[in-house]
Amino acid sequence: MDKLLNWLKAYQIILIFAVAKLVVHLFTATNYGFQRDAYLYLAQSRHLDWGFFSTPPLLAFVTRIHTFIWGDSLLAVRLLPALVGAVSIFVVGWLIRQLKGGTMAQLIGLTAYFVSPAFLRPAVLLQPVIFNHLFWLLAAVVVFQLVRKQDPKLLLWMIPVLGLGWLAKYSIIFYGSALLVALLISRHRKMLWTWYLPVAIVGGLLVILPNLIWQYQHNWPVISHMTELQETQLGNVLLKDFLFVQVLMHLPALPVWLGGLIWLIFTREHRNHRIFAWAFALSLLLIILLRGKSYYTIAAYTILVVFGGIAWERWSHRSRGIVAYIVLAFILLNGIFVLPFSLPIYKPDRMVEYDRKQVKRGLDVILKWEDGEVHDLPQDYADMVGWDELGDKVWAFYDTLADSVKINTLVYGENYGHTGAALYHRPDRSYPEVFSFNDAFMEWIPRRPEMEHMIYVGYSDRIPQYFREVELAGKVEHPHFRERGLPIWFGSHPTPRLYEEWEERWQESKGRFIRNSSE
């Protein structure tokens, strides 16, 4: 009992931050609905496999277990990323304590992590990103312990960390490679010349082997997906924009992670940990050279925040802590300013009022979407409203159909957001499945549809060419929905053209990911 009390006393600041992070995410969890990606991952959790077209399988498996225990309500699902975020901030605090960081080091490091938009937002969303952050951090913990204890046996911990990290998000390869190179060019390279390194590599490969087999069986969709991203999105990433976003997404924590980087490069006290500065630089360089998205780098900053807390505590000694308090004030003031854009603390209508005030202050860039126009809500917030209305209208219309029509009606969504929302908001499992050729949904779509009628969610101008009879069944009219006005069509008596183009799309999407397309 005394040991527990002593532990709680020693870790009280860290535990307060971890609990506070969990609480703040749960209190804001239901201010908005699911973001479109959540519908995709919930659908994947109902079709477990060792891989999916655009993502690895871990999130689907974890979500399946989580929803089995807690259900799939909005609050229950949001609990999962919030828990992972709370674990991550605890690990950050643990590392600061291991480095002999005192109260001020913990306050600065943990506050920077807590309010940084790049660490706040992922803990709101059901996406692989939050797991990616955790595994990058755990990989740094393994190297930290390896350097501190000078025990190459600790390399074996990389088996579950990098293995599960790969199964969470393939980008773990960036940080894993950066850490390996950093170790090779450091004085600690001697620990790599043992049999533990090949064992760790082989063990890691065994962990990810089921996914590699799945990739092979499906003609390596990860390569096709990355190629498509390069052609449609990543190729448009400009270096100046990339670097600007690096500053913006961690703006409240800027003096902390930058201070940590400077501390690692120039101080002798932690020169053994300089490998983390190298790993940070190398991971950024890799992502820049491969034209990765700006947010791919987020997790690389976590370890710098740890050393930043240490650095500012040390630097402030001569000023009797005044400098540290100034840094802490900078973090809090900037964090509070960007908080409504980092965390959905305001419901949509209240957020619109807040946004209009920011526009008057000349900050309309925050509300500019991909279309170049300024809107009432930030784009990602607008992507968390209206989906329930979509689902309700699809199934309300379906309920108006005669039973003889229902059994011959197929429900189709133009993209995974439309499809996943309609699927999630089904009144119960007796209602039909929803199909799409987009993303992972293409893996479950039939080659030839058996139907006489279709409820089609999307903007396609080919609907009149696919059916002899077409009517507009409804529109999503939510004023802040990112796709406001999204139509829901009802077509009857399909034409030959629908079946011809269905087969073409099947071959272009699912067919090319089957080794024997005649299956």
Side-chain angles (χ1 to χ4, degrees), residues 15-52 55-91 114 119-135 137-138 160 164-165 167-169 342-345 347 380-381 383-392 395 416-417 419-431 433-434 439-441 444:
L15 289 170
I16 288 171
F17 271 90
V19 172
K21 183 168 179 62
L22 180 61
V23 169
V24 75
H25 284 298
L26 292 183
F27 267 102
T28 58
T30 57
N31 285 346
Y32 289 75
F34 286 123
Q35 195 259 2
R36 75 167 69 218
D37 290 357
Y39 292 112
L40 173 64
Y41 301 127
L42 286 167
Q44 289 177 351
S45 73
R46 302 184 187 105
H47 297 83
L48 294 181
D49 206 341
W50 282 107
F52 300 97
T55 57
L58 184 66
L59 180 58
F61 279 90
V62 174
T63 301
R64 178 69 169 268
I65 296 169
H66 181 82
T67 54
F68 176 79
I69 297 171
W70 299 100
D72 63 355
S73 68
L74 179 61
L75 180 61
V77 172
R78 287 264 164 85
L79 173 64
L80 177 55
L83 285 171
V84 178
V87 170
S88 295
I89 200 170
F90 180 87
V91 176
F114 191 99
F119 296 130
L120 265 177
R121 182 62 61 78
V124 174
L125 306 172
L126 183 68
Q127 293 180 342
V129 175
I130 189 66
F131 289 90
N132 190 48
H133 291 183
L134 177 60
F135 286 115
L137 177 57
L138 292 178
L164 292 174
L167 296 177
K169 194 169 177 64
S342 309
L343 188 71
I345 56 175
K347 293 183 179 182
D380 49 354
Y381 280 27
D383 219 3
M384 291 192 286
V385 297
W387 298 108
D388 51 348
E389 181 185 333
L390 183 158
D392 291 344
W395 300 117
Y416 68 81
T419 312
L423 187 63
Y424 175 84
H425 291 287
R426 288 187 303 174
D428 59 60
R429 295 293 179 89
S430 66
Y431 285 70
E433 287 289 324
V434 187
D439 210 285
F441 283 99
W444 316 311

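Considering every non-hydrogen atom in both Ala86 and Ala18, the closest pair reads CB-O, 3.6 Å. The heavy-atom pair separating Ser45 from Ala60 by the smallest distance is CB-O, 3.4 Å. Between Ala76 and Gly71, the closest heavy-atom pair is CB-O, 3.4 Å. Residues Phe131 and Ala168 come closest through the heavy atom pair CB-CB, 4.0 Å.
Checked by atom type and distance alone, the side chain of Trp444 never pairs as donor or acceptor with a backbone atom of Val434 at under 3.5 Å.
Checked against side chain to side chain donor-acceptor pair (under 3.5 Å), Tyr32 has no partners two or more places apart in sequence or in another chain. Checked against salt bridge (charged side-chain N to carboxylate O under 4.0 Å, His left out), Asp49 has no partners two or more places apart in sequence or in another chain. With sequence neighbours excluded, the residues forming a ring pair (Phe, Tyr, Trp, His ring centres under 6.0 Å) with His425 are Tyr39, listed by chain and number. With sequence neighbours excluded, the residues that form a salt bridge (charged side-chain N to carboxylate O under 4.0 Å, His left out) with Arg46 are Asp72. In this structure, the salt bridge (charged side-chain N to carboxylate O under 4.0 Å, His left out) partners of Arg426, at least two apart in sequence or on a different chain, are Glu433. A search for side-chain contact (heavy atoms from CB on, under 4.5 Å) contacts involving Asp37 returns Gln35, Tyr41, Gln127, Tyr416, not counting sequence neighbours.
The closest side-chain heavy-atom distance from Phe61 to Leu167 is not below 4.5 Å. The closest side-chain heavy-atom distance from Phe34 to Trp387 is not below 4.5 Å. Side-chain atoms of Leu26 and Arg78, non-hydrogen and from C-beta on, never get closer than 4.5 Å to each other. By the 4.5 Å heavy-atom criterion applied to side chains, Phe441 and His47 are not counted as neighbours. Within the 4.5 Å cutoff, side-chain heavy atoms of Phe114 are placed close to those of Val24. Contact annotation: the side chain of Leu75 never approaches that of Trp70 to less than 4.5 Å [non-hydrogen atoms, C-beta and beyond]. Using a 4.5 Å heavy-atom threshold, the side chains of Val77 and Thr63 count as separate. Between Asp439 and Thr419 there is no side-chain heavy-atom pair separated by less than 4.5 Å.
If you take CE on Met384 and CG on Asn31, they are separated by 9.5 Å, rounding to the nearest 0.5 Å. Residue Leu40 holds its CG atom at 6.5 Å from OG1 of Thr55, rounded to the nearest 0.5 Å. Atom CG of Leu80 and atom CD1 of Ile65 lie 10.0 Å apart (nearest 0.5 Å).
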Quiz prompt | Leu79 and His66: CA distance, side-chain angles, deciding distance, side chain to side chain contact (heavy atoms under 4.5 Å, CB included) verdict | solution = CA-CA 9 Å; Leu79 173 64; His66 181 82; 3.9 Å; yes
Practice problem: Evaluate the side chain to side chain contact (heavy atoms under 4.5 Å, CB included) criterion for residues Lys169 and Leu59: first the C-alpha distance (whole Å), next the side-chain angles of each, then the deciding distance (0.1 Å), finally the verdict. | Solution: CA-CA 9 Å; Lys169 194 169 177 64; Leu59 180 58; over 6 Å; no
Quiz item: Do Leu137 and His133 pass the side chain to side chain contact (heavy atoms under 4.5 Å, CB included) test, and can you show the C-alpha distance, the side-chain angles, and the key distance before you say yes or no?
Solution: CA-CA 6 Å; Leu137 177 57; His133 291 183; over 6 Å; no
